[in-house]
Structures are given as structure tokens and as C-alpha cells.
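All remarks here apply to the structure that follows.
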Amino acid sequence: MTVNTEAETIQVPETGANSATAELTAIVKDTDGYNISGAVTWSLADEYTGVSIATRMLRQRLTVTDEAAAGTVTVVATYGSKRVEKKFL
């Protein structure tokens, strides 16, 4: 499984500014390299203040508000027993 994002880093917004977002996608392949369809479950590896994952118009988005602290956020994509982590700075 491969996790893809719009950006490798997400800037914590200034106080009062709009939230920063990044679209999350995952590609799951079988042992022969063919794409597998099915739902990937998204979560955060830890609780992060001001950071969330939500579905909007069938797309998964990582959202960072001005309440978030600077640092690394780890997003987890799960498909069956497969688990892949993606770190954002």
C-alpha cells in the first residue's frame, strides 16, 4: 500500500487564519502489482490538538488549525491487515 498526499509539509496557520489542509490518498496493490479496490481507513497515530482527518465529498482530508503545535503528525492508512504510516512536518 502506498500513501500519497498533496504536500509533504503543512504549515500551522497563524492565529485567526483559515485551516491548512492536505488531501490523503492510498493505492493498495495485490502481490501481482494490480490495484485492489476497497475502503482504506484513515486515522492519526496519536491525539494532536488542532489536527483532524475527515471525509469531504468522498475524499479524505488532513486538517490543521491554528490551535495545532508545530511538530510531526503521523497519519495511518489501514486496509485489512496492512498498515502504512505517513509523517507530516
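FYI, the numbering just counts along the sequence from 1. Predicted model, so just to flag it, every value in this text is computed and none were measured.
For the pair Y79 and T41, the minimum side-chain heavy-atom distance is 4.5 Å or more. Using a 4.5 Å cut-off on side-chain heavy atoms (C-beta onward), I53 and Q60 make contact. At a threshold of 4.5 Å between non-hydrogen side-chain atoms, the residues P13 and T65 do not count as touching. Looking only at side-chain heavy atoms (C-beta outward), T74 and Y48 come within less than 4.5 Å of each other. With contacts defined as side-chain heavy-atom distances shorter than 4.5 Å, the pair V51/T63 does not qualify.
For D32 (side chain) and Y34 (main-chain N/O), no donor-acceptor pair under 3.5 Å exists by modelled atom type.
Atom-to-atom distance recorded for N18:CG and D66:CG is 9.5 Å, nearest 0.5 angstrom. Residue I36 holds its CD1 atom at 8.0 Å from OG1 of T31, rounded to the nearest 0.5 Å.
Listed by chain and residue number, nothing satisfies the salt bridge (charged side-chain N to carboxylate O under 4.0 Å, His left out) test with E67 (two or more places apart in sequence, or in another chain). Remark: E23 pairs with R59 by the side chain to side chain donor-acceptor pair (under 3.5 Å) rule, at least two apart or across chains.
Residue pairs meeting the salt bridge (charged side-chain N to carboxylate O under 4.0 Å, His left out) criterion with at least one member in residues 73-89, sequence neighbours excluded: E8-K86, R83-E85.
For the pair A77 and V40, the tightest heavy-atom approach, listed with the atom from each and the gap, is CB-CG1, 3.8 Å. Residue I10 comes nearest to A20 through the heavy atom pair CG2-CB, 3.5 Å, listed as atom of the first residue, atom of the second, then distance.
In the hydrophobic clustering of ILVMFWY residues, with side-chain heavy atoms under 4.5 Å counting as a link, I27 and V76 come out apart. By the criterion of side-chain heavy atoms lying less than 4.5 angstrom apart, applied directly or through intervening Ile, Leu, Val, Met, Phe, Trp or Tyr residues, V3 is grouped together with L62 in one hydrophobic cluster.
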